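Just so it is clear, the model here is predicted, and its values are computed rather than measured. Per chain, numbering begins at 1; letters A, B, ... match sequence-line order.
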Amino acid sequence: MLELQKSYNPEGIEKKWYEYWVSKGYFKPDPDSLGDTYCIVIPPPNITGSLHMGHALNITLQDILCRWRRMSGDKVLWLPGTDHAGIATQNVVEKQLTAEGLDRYKLGRDAFLKRVWKWKAEYGGKIIHQLKRLGASCDWSRERFTLDEGLSKAVIEVFVRLYEEGLIYRDNRLINWCPRCHTALSDLEVEHEELEGKLYYIKYPIEGNELNEKNSSLRYITVATTRPETMLGDTAVAVHPDDSRYKDFIGKTVALPLTRRKIPVISDTAVDSSFGTGALKVTPAHDFNDEAMAKRQSPALEFITVIGKDGRMREDAGNRYAGLDRYDCRKLVLKDLKEQGLIEKEHGYTHAIGHCYRCKTVIEPLLTLQWYVNVKPLAKEAVRVVKEGVIRVIPKSWENTYFAWMENIRDWCISRQIWWGHRIPAWYCQSCRAVEQQSNRSTRQQFKEEITTGLKQGGVIVSREAPEKCPYCGSTELVQDEDVLDTWFSSALWPFSTLGWPDKTNDLKTFYPTSVLVTGFDIIFFWVARMIMMGLKFMGDVPFRDVYIHALVRDVKGQKMSKSKGNVVDPLTMMKRYGTDAFRFTLAAFAAQGRDIKFSEERVEGYRHFVNKLWNAARFIMMNSEFGKGVWQYAPTRDFSLLTSYLSLPSRWILSRLAATADDMNRALEEYRFNDAANSIYQFIWHEFCDWYIEMAKSELVTSENVKWCLLYTLETSLRLLHPFMPYVTEEVWQKIRDQGSRLKAQSIMVSDYPKSMPRDYQAEEEMSCIMEAVLGIRSIRGELNIPPSLELNVSIKTLSDSTDKILRENLQYVKRLAKAAEIEIGRNVRKIEGSAVSVKSSVEVYLPLKGLLNIDAEIDRLKKDRTRIEESIAFLNKRLLNEDFLQRAPEEVVEKEKTRYDELVRKRERIVDSIKKLKEVEVKE
RNA sequence: GGGCGGAUAGCUCAGUUGGGAGAGCGCAGCCCUUACAAGGCUGAGGUCACAGGUUCGAGACCUGUUCCGCCUACCA
């Protein structure tokens, strides 16, 4: 006899099977498989990362898909890897340096990079290790890193080609600058947050109007601003051309307060007359709107940069302010203006302020020279493939978000002033560069001309390999661009760079385009859109057929999990506490809920119970299957179409339900309805298989060999259905079945076949529903009258059709067993006896004639005895609760407990009295 | 400012072409019926946010309102 523990304990089991799978090479695509190829590339987690709920969900869903497709016969590749996470990783290492009293500049570029690689070697593999604990069936032999050699080659290739096509260019314009990370950021890397600020109204004196004493309002133009310190860089005041208040001032000049610099009053239709005073200060070097306006004007306005890369004021801000932090400067400027009486008023104002997505520092728009990708032509194609359905977005509603962004996409700033990343493959000739520096480029248009004409040949060399000398002037004084590329640049190439591109590898040929991308909606723009653009551009085909967008995992209250809020649920803790299977199943069951998943630990606990239920069902079946003989000998026939003639009704029924479940699951998984698939198998195993079938099978075990086969067959098939969701427990049980002389051919459940296309037996399902109704009818009467299960009942069942009558007669043993009935009278003409309890169902009516079938006198006696005992207890408690001495001396909670017990007893007494009354009425009626 | 999503049992949420209001947890009652008390059985509990409309019929479709949440944006 097989011995199994009474409850499932995942400890040890998970590790054992994971190592087994790896050692057998099951995670690698089977070269002999004739099936379709199925490929997923993992969204590479950052090497700085530690497994969080988002990863857990993401990985679980991908693993479910991969295991399902693999079992279904596909040639499956799930390609893993990690992302170098430029700014994030650099920040981590810089923090270490700070703690040691160092910084990266003191260390120097090479030493610093060495240090980061060392950090990566030490900590960068942590997250991969954690993914393995989740059971991820990735092909680890193909693991990649965004900075490894092959991927770097791909990055350079893409950069050079885009440059050669004029899609990558360099420009001097305003960008989002993080003064703390000391780098440019793309628009996407700026997080906008609504913050309470102040709107200040500053009076700018109008030149030539000093003498207009009578009308002091005409001596000033008042502008409104939230950032007074930027006024030091103002180069105009703008008003709407149709604004009658200011019409006369257009073309005049005002004297900028504090500096006395003369700036013009200009007109621009972008000015909103109804906001503030209707007059706008223009600071082209520190505001995106103003920059655009400055470039629109003819002649273009001057750019004066007053804030530096470190967030401190530059010399151009004037001696008094130079060197101050931008916020200190704001205070001083306000103080100075107030002293001069130039602040008209101020009031509270809430507006969105941009922050660095890595360090939360307020970003500063700065005029700098950066590299850009002109993404508009790429975006056009990327929109088309989604519109035409070449890429399917699931759920479809995300398409609108995607289109909205893609259709208004702006050029992508890809250079970063950090060291950790792919260095830009551009070199500058020091002697040609003189030309570049002489040219005063303040507008993009000018630069465009330069790059296409003179300057491109005058200093910039973009090349796959480091050039030895300048191709234009022959100088060997070449300096490589100091900057690295945006991390997302390499991520964008991930689906093909990981498969070997730009080389024409076998993997690339076999697995591109990949089947599906599984990811969260937070990186649709950062990553998904860019992969589509790059895939189309360089592979000539989409990077994936489907995009499945899953929800974000939040805490129970719906808040984002974050360390600072202290509401983080650690997946590793969940796995340790409840087992990986229960945890994975929970995530899958949550998966199709809206945009958010509010994670609750109780659900995990519930699914742990499910694991245990399955375990015990398996235990029962194995205990009753006489393994030694080889269980499959009980198979009634090899021809499944003949099953009906061999099997009992419940067995036919469960096989049909099993078929329905398999159908459900395959369909649900096709459509990425993970929660439906999870619920389907849960419902089947617990409520159909365990609650009904196993209970019914118990009555057949002694007499029938077929039922043993059916139990085992259903269990084994259910395990295969469940395996993608709960890989470990299913393997453990499956192997136990396999060990016991079964005819299972596969060596592991993960390489066995996924169940599908099994025949339904609708007749059996219909017939079973009659049996179930009869059982439910009896149970329900029993429940309502509080008749203990130990008491066997004699009931009458009126059948409402001839077929029902026949079915019930043939299967009476099951009804008797499940409803604990001794005698059952069945018939089309059964009459309800006066005083019977009744339960009406659609195919049967169940009567429980209380008189005669129950020994009412004995029952009443029993109840009376109970009543007496309870009354004694009540009397005792009553006395105690009225005892002053007790009330004073006993602790409060004890008193409370006694009171509660007292109340309970009183209620119980009432119920017993009721029951007695009811039973007596039956007697009287008779 | 624009867009999206949500409002269903005490709690967390399903509800896929319009016809039965559901699950898990919690709660109440009866049971340790030898696979499982991490269990079994039976129940209680809902004006499906509000107001209109389409329809024989609306939780689902349309319009409006209220309250939440999110994304996005160059009103200083």
Given the P atoms of B:G22 and B:U42, what is the spacing between them in whole Å?
15 Å
Check every strand shown and say whether A:R667 touches a base, only sugar-phosphate, or nothing at a heavy-atom separation below 4.0 Å.
nothing
Tell me: CG of A:N616 to C1' of B:G40, nearest whole Å?
13 Å
For A:A618 and A:V775, take the nucleotide of RNA chain B holding the closest heavy atom to each; which residue's nucleotide lies nearer the 5' end?
A:A618
Kindly point out which of B:A76, B:U42, B:A73 is positioned nearest to the side chain of A:Y349?
B:A76
Rounded to the nearest angstrom, tell me the gap between atom CE in A:M406 and atom P in B:C71.
20 Å
When you measure from the side chain of A:H351, which nucleotide among B:A76, B:U42, B:A35 comes out closest?
B:A76
Using a heavy-atom cut-off of 4.0 Å across all strands, would you classify A:A224 as base, sugar-phosphate, or nothing?
base
Mate of B:A60 where both pairing distances stay under 3.5 Å, Watson-Crick or G-U
none
Cation-pi check, A:R173 to A:Y372: give yes when NZ or CZ is under 6.0 Å from the six-membered ring centre and within 45° of the ring axis, no otherwise.
yes
Looking at the rings of A:F249 and A:Y204, which for Trp means the six-membered one, are their centres under 6.0 Å apart?
no
Is there a side-chain hydrogen bond (donor to acceptor under 3.5 Å, both in side chains) between A:S186 and A:E189? Walk through the geometry before answering.
CA-CA 5 Å; A:S186 70; A:E189 290 167 310; 3.2 Å; yes
Please tell me which of the listed nucleotides, B:G40, B:U33, B:G43, lies nearest to the side chain of A:S780?
B:G43
Between B:A28 and B:G6 - C1' atom distance, rounded Å
32 Å
May I have the distance from A:R817 (atom CZ) to B:U33 (atom P), rounded to whole angstrom?
13 Å
For B:C36, does the base pair up with any side-chain atom of A:K613 as donor and acceptor (N or O, under 3.5 Å, distance only)?
yes
When the C1' atoms of B:G43 and B:A38 are considered, how many whole Å apart are they?
22 Å
Measure from the side-chain heavy atoms of A:Y682 and tell me the nearest of B:G24, B:C41, B:A38.
B:G24
Classify A:K281 by what it touches in the nucleic acid, base, sugar-phosphate, or nothing, heavy-atom distance under 4.0 Å.
nothing
Determine the contact category for A:R779: base if any of its heavy atoms lies under 4.0 Å from a base atom, sugar-phosphate if only primed atoms, P, OP1 or OP2 are that close, otherwise nothing.
sugar-phosphate
Pick base, sugar-phosphate or nothing for A:L711, based on heavy-atom distances below 4.0 Å to the nucleic acid.
nothing
What nucleotide among B:A35, B:A38, B:C41 has an atom nearest to a side-chain atom of A:S7?
B:A38
Which of B:A38, B:U16, B:A76 is nearest the side chain of A:H609? It is B:A38
Atom CD of A:E695 to atom P of B:C41: distance rounded to whole Å?
8 Å
Rounded to the Å, how far apart are A:L188 CG and B:U72 P?
8 Å
Applying a 3.5 Å limit to both distances, which nucleotide forms a Watson-Crick or G-U wobble pair with B:A38?
none
Give the nucleotide from the list B:U16, B:U72, B:U33 with an atom nearest to the side chain of A:E671.
B:U16
Using a cut-off of 4.0 Å on non-hydrogen atoms, how would the nucleic acid contact of A:A617 be classed: base, sugar-phosphate, or nothing?
base
Please tell me if A:K6 has a side-chain N or O lying less than 4.0 Å from either OP1 or OP2 of B:A37.
yes
Rounded to the nearest angstrom, tell me the gap between atom CZ in A:F403 and atom P in B:G2.
23 Å
Any strand counts, and the cut-off is 3.5 Å on both contacts for Watson-Crick or G-U wobble. Which nucleotide pairs with B:U65?
B:A49
OP1 or OP2 of B:C31 under 4.0 Å from side-chain N/O of A:K820
no
Assess, by modelled atom type and distance only, whether the side chains of A:Y607 and A:D581 contain a donor and an acceptor separated by less than 3.5 Å.
no
With a 6.0 Å cut-off on ring centres, are A:Y349 and A:H351 close enough?
yes
Which of B:G39, B:A76, B:A73 is nearest the side chain of A:W686? It is B:G39
I'd like the P distance from B:A14 over to B:G5, given in whole Å.
14 Å
To the nearest Å, give me how far apart CE (A:M665) and P (B:U16) are.
20 Å
Look at all strands and tell whether A:D522 reaches a base, only sugar-phosphate, or nothing, counting heavy atoms closer than 4.0 Å.
nothing
Applying the 3.5 Å cut-off to both distances, the Watson-Crick or G-U partner of B:G1 turns out to be B:U72
Quick one: label A:F620 by what it contacts on the DNA or RNA (base, sugar-phosphate, nothing), any heavy atom closer than 4.0 Å.
base
Taken to the nearest whole Å, OH/A:Y8 to P/B:A35 is 22 Å
Closest to the 5' end of RNA chain B, once A:L199 and A:I781 are matched to their nearest nucleotides, is A:I781
Can you tell me which residue among A:Y8, A:Y682, A:F725 is in a ring pair (Phe, Tyr, Trp, His ring centres under 6.0 Å) with A:F610?
A:Y682
Any strand: nucleotide that pairs with B:G24 via Watson-Crick or wobble, under 3.5 Å
B:C11
Need the pair for B:U54. Rule: Watson-Crick or G-U wobble, both distances under 3.5 Å, any strand; none if unpaired.
none
Using the P atom as the point on both nucleotides, what is the distance between B:A60 and B:A51, in whole Å?
13 Å
If I pick the P atom on B:U12 and the same atom on B:U55, what distance separates them, to the nearest angstrom?
38 Å
May I ask you to check whether A:F583 and A:Y578 place their ring centres under 6.0 Å from each other?
no
Closest listed nucleotide, where the reference is the side chain of A:D676 and the choices are B:A73, B:G43, B:U16
B:U16
Report yes or no: is the cationic atom of A:K698 (NZ for Lys, CZ for Arg) under 6.0 Å from the centre of the six-membered ring of A:F620, at an angle within 45° of the ring normal?
yes
Aromatic ring proximity A:H347/A:Y201, centre distance under 6.0 Å
yes
I want to verify a distance call: between B:G40, B:A76, B:A38, whose nearest atom is closest to the A:F275 side chain?
B:A76
Taking the P atom in each of B:C25 and B:G69, what is the distance between them to the nearest angstrom?
30 Å
Mind checking the P distance from B:G24 to B:U65? Whole angstroms is fine.
39 Å
